[in-house]
Structure formats: C-alpha cells, structure tokens
Amino acid sequence: MNKNIKNIFLLTVLMVFFGITIQAQSTLKAGDLVDGIAVVVGDEIILESDIAEQANYAKLQGGAVPNRCDFVESIVNNKLLIYEAKRDTLIENRSAMLKENANQKYNQILGQFPDEKTMLAQYKFRTSYEMKNAIEKIDTDNYYGQSKFARITEKADVTPNEVTDFYNTFKFQLPAVKDEVSLSQITMYPKLTTAHKDEIIGKLNKIKQDILAGESFESQARIYSDDPGSASKGGLYTNISKGKMVKQFEAAALNLAEGEISEPVESDFGYHLIQLVKKSGKNYDARHILLKAEPNEEEIAAAKKELDSIRTLIIEGKLSFKDAAFRFSDDKQTKFNAGIMTSPEDGSDKIEKLNLPPTISYQIAGLNKGDITDVFQDTAAQERKTVSIVKVDDVIAAHQLDIATDYDRIKQMALNKKKNEMVEKWVKEKLPSIFISINDRYKDCTFKTDIRKQNAPN
C-alpha cells in the first residue's frame, strides 16, 4: 500500500531527488561501456557508461524502470540538486564514509555469490574497481540529493485545512489499504555462559600469540575472522571516522599505538582482536579479527525459559508489555519505544501483513488483537540468534483510505506533495543560472521543464 501511494502522489521531482538514478534503465544495453558525455550540470558530468552501469546495478537490485526521456530529465534535476548541495556549507562532506560504505556493500553483495568472478559477470562489471566505483557514485548522488531536498523543504508544513483539501481533491484516487497489523516485540540475545566466553577469549588469545610469534595479522584475519565485510581484506577497515564503529571497538582501537594489538574486546557483534594500523587526523585505519559469540543450544534454551517467564508475568497483568520491553529487550530499535515495531517503508507502526518477515508472519497467524505469541527463535539483522515474543496491538482490515481513520497518513501525503512543489519551484528558479548540456542523442525528448540549454558534441 505504501509504495502504491508514493507512486501516485509523490511527483516526478520526489522520485528524482530520492535516487531515481539507481532505479532507471536507459535504452542502452545494461553493462555496455559506451564512451561519451550524456549530461553536464554545472561541473557534474554523467557519462553514457555511468548510466548503463548504474541502470544494470539498479535492475539487479529490484529498481523501477522509467522511460528514457523521464530518466534523462531526472538525471538533470538530480544533478542540479547535487551540484548545489556540494556548494552548501551546511551539508557535511562524507566522501570518506561513502567510499568505505561502498566497499562494505560490495562485500555484502559478494557474500551472495560463490565467487567474485560470478558476481561481476552477473552485474556486468569488468573489475571490482568498476563495481565499487559505480556503487560509490550512486550512494554519493543519493546522499547529496537527499540532503539538499531536506534543506529546501525543512520548513514545510501543512495545516488541518490543507490536509482536508488534499483529501477532498484526491480521495477517489486513493488506493485501498491492504491488511495491516500493529505489533510490539521483546527480543533477547541468549547470554553465553562464562565457560563459553572463556573459550572464545582463549581462542583469540592463542591467535594473538601466534601473531606476536611471527604470523601476520592479515593472514590470521583471513583464516579466522567471522566478519564478512573485512575478512577477505585481512581484517582491514580504512578511513574510519570517529563514531562510525561500535563504542567498544572504537575505544579500544584509539587507545592503541600504531601497530599495537588489543586484548580481546567484547561488542554486540562478538569478540575482537584489534590492531591500529594508522591514525590520520580524525580518521584511522584498523584491522580486526572477529569471533562471533554464537550461543549453543543450552544457552538458547535458557533464554527461552527466561522470556517465557516474562511473557507469563505480562499475561497475568503483573508487568506491562511496555515496561517489559524497556527492562528486558535487547532490540535497541524498539526497547525505548514500548517495543513497537515500525515499517521499513515509512516508519509507520502499521505494517502490511504481506511485508512482515516470514517468521513473524507465521507466529502471528490466527492471533487476534491483544494476543501474544509463544516464545520463538529467530535471527537478528546482524545474523545473531535471538528469542522473541510479539504482541498483536491491532489488526486493520483492508479498506479505502478515509480522513476519519487515516488522518496521519493523509497528512503525510499532503506534506509530501507540498515538499515536491517547493522543490519544483526551486529547480525552476535555479535552471537559468546553471550550465546544463544534454547530448543530441536525447534531442527528440520532450521534458516537463525547460532544461535544454545547449547540446554537448556527439
């Protein structure tokens, strides 16, 4: 439902400024490396090969595909935002972070394939450098485009009358809301026994002694580290900005001298050996070896028993679900919010049943408002084993959007429309003062705004 609403009511400008460049496909064959400049906006240049690479990457990531001319116009408008964003001193330069994030995304995608050669062939890149560079370009454009969009629309608001007017204008075009639920959860990470922790720490200490005896940190990381983002690189992370890593990791790394190796360090991800490679201003390079703290069957059973006791207290009215979530949940995204789960689509506490994770969908099947699932085992985002209970706070049957029952949703849609109009106005005002060149390949296109200034050479 959320995607459908956005498709109908978020104007082309909104799609442009929230990353349409990674959701488009030109008429060129995806992956072909074609020389030539397609678009120039200020000092921002888009090559035909950039378009093809990004389009193919988007297609394989499930992106939408607009038509050729809409895509070119979106490129121009998006690049105009990016050009102005880079000149805006209030928008932080995050180039180092974006480069590191591109490397991490590359490694995450690589983990889905048997080898690098297969992945590059699937995504139609010749080298890892080309693919990382394409990911970095996409993320950089998205960051600057979204940041400038937010700056332009930061004071946007709508009155109750404007919400009502919006609803009266569009109510017959509003799609039906699909079946939804509101859910709360308590999630716990099974605790390792002291003996199990000592076993992991002992293994790390043995690895450290081997390194001190002559083995390289890099080779030991490749052999033993459980971190998919760095193991293949010998545990190396570069240009780490302060605040990026978990606190335990950063505190240990920054307390080391260059070349020094830490004692085993515990974090939410497991246990680390950390070696500080280099400090440079506010950034640093570090290697680490991660051993995940995987609970065994006995530890999982103990966590299930503990959570089942908490569930009993809630059902008997001796403890509220909200208080139990705050006191016992290990899920940082929900424990301070009464355990309430939100939609990744728009942050709403109403989630389409079809979009629920399979495990949760199975657990709540047949439950009514106010019911609580039995304790069940699952896996968190960091691939950590968890035990959870979920409460059904509300069940919302499929219905047509109505201002009496869906005011907040309709208000957000009206606000989005106003933001779009603000950015459209801003673009039109900026167009006369920014150099824009579009290749003659697109001379037959009819654009919604007067973006064609002069043509680049063929």
Side-chain angles (χ1 to χ4, degrees), residues 86 89 91-111 116 125 127-144 147 200-293 382-383:
K86 290 180 178 178
T89 58
I91 294 177
E92 180 185 357
N93 184 327
R94 296 185 179 177
S95 56
M97 183 194 72
L98 290 164
K99 180 178 288 294
E100 181 60 33
N101 285 347
N103 289 331
Q104 292 181 19
K105 285 185 179 180
Y106 178 89
N107 288 319
Q108 288 170 0
I109 296 171
L110 178 58
E116 190 172 52
F125 288 100
T127 66
S128 60
Y129 173 80
E130 283 184 355
M131 183 166 174
K132 289 177 183 178
N133 192 50
I135 296 171
E136 184 181 347
K137 284 181 180 178
I138 291 167
D139 287 352
T140 298
D141 283 1
N142 286 340
Y143 166 68
Y144 281 109
S147 296
I200 296 172
I201 292 170
K203 186 175 180 180
L204 279 178
N205 281 329
K206 175 62 168 60
I207 293 171
K208 180 178 179 180
Q209 289 305 313
D210 290 343
I211 295 171
L212 295 176
E215 297 285 353
S216 73
F217 196 106
E218 180 178 359
S219 66
Q220 297 300 92
R222 291 180 186 276
I223 295 169
Y224 294 110
S225 183
D226 292 328
D227 178 15
S230 70
S232 63
K233 299 182 294 181
L236 181 64
Y237 283 106
T238 59
N239 290 316
I240 307 170
S241 56
K242 291 183 179 180
K244 179 179 178 180
M245 307 299 275
V246 291
K247 292 179 180 180
Q248 302 94 326
F249 183 104
E250 183 169 287
L254 295 179
N255 279 323
L256 297 171
E258 290 187 2
E260 186 180 3
I261 301 174
S262 73
E263 297 298 320
V265 176
E266 183 179 6
S267 78
D268 289 344
F269 296 93
Y271 291 83
H272 313 252
L273 273 186
I274 303 167
Q275 182 184 51
L276 180 65
V277 177
K278 180 179 68 175
K279 284 183 183 178
S280 179
K282 295 183 178 180
N283 294 345
Y284 62 99
D285 298 349
R287 294 185 187 275
H288 84 134
I289 297 169
L290 169 69
L291 296 184
K292 290 183 178 179
Q382 303 97 338
E383 298 185 355

Do the side chain of Ser267 and the main chain of Gln248 share a donor and acceptor less than 3.5 angstrom apart?
-> no
Is it true that atom NZ of Lys203 has more than 12 heavy atoms of other residues, nucleotides or ligands lying nearer than 6.0 Å?
-> no
Residue pair Ile109 / Met131, side-chain heavy-atom distance below 4.5 Å | yes
Is there a side-chain contact between Lys244 and Glu250, using heavy atoms and a 4.5 Å cut-off?
-> no
Does the Asn133 side chain pair with the main chain of Tyr129, one donor and one acceptor, at a distance under 3.5 Å?
-> no
Within the side chain of Glu260, is there an N or O that forms a donor-acceptor pair under 3.5 Å with the backbone of Leu276?
-> no
Under 4.5 Å between any side-chain heavy atoms of Glu136 and Tyr106, yes or no?
-> no
Compare all side-chain heavy atoms of Met245 with those of Tyr237 and state whether any distance is below 4.5 angstrom.
-> yes
Partner set under side-chain hydrogen bond (donor to acceptor under 3.5 Å, both in side chains) for Tyr224, not counting sequence neighbours | none
Look at atom NZ of Lys233 and say whether more than 12 heavy atoms of other residues, nucleotides or ligands are closer to it than 6.0 Å.
-> yes
Report the residues that fulfil side-chain contact (heavy atoms from CB on, under 4.5 Å) with Ile201, sequence neighbours left out, ordered by chain and then residue number.
-> Asn205, Pro264, Tyr271
Is a donor on one side and an acceptor on the other found under 3.5 Å between the side chain of Arg287 and the backbone of Gly234?
-> yes
Have a look at Leu98 and tell me which of Thr140, Ile135, Asn93 forms a side-chain contact (heavy atoms from CB on, under 4.5 Å) with it.
-> Thr140
Got a sec, which residues hit ring-ring contact (aromatic ring centres under 6.0 Å, His included) with Phe249, two or more places apart in sequence or on another chain?
-> His272, His288
Without swapping roles, check the side chain of Ser225 against the backbone of Leu290 for a donor-acceptor pair under 3.5 Å.
-> yes
Between the side chain of Ser280 and the main-chain N/O of Asn283, is any donor-acceptor distance below 3.5 Å?
-> no
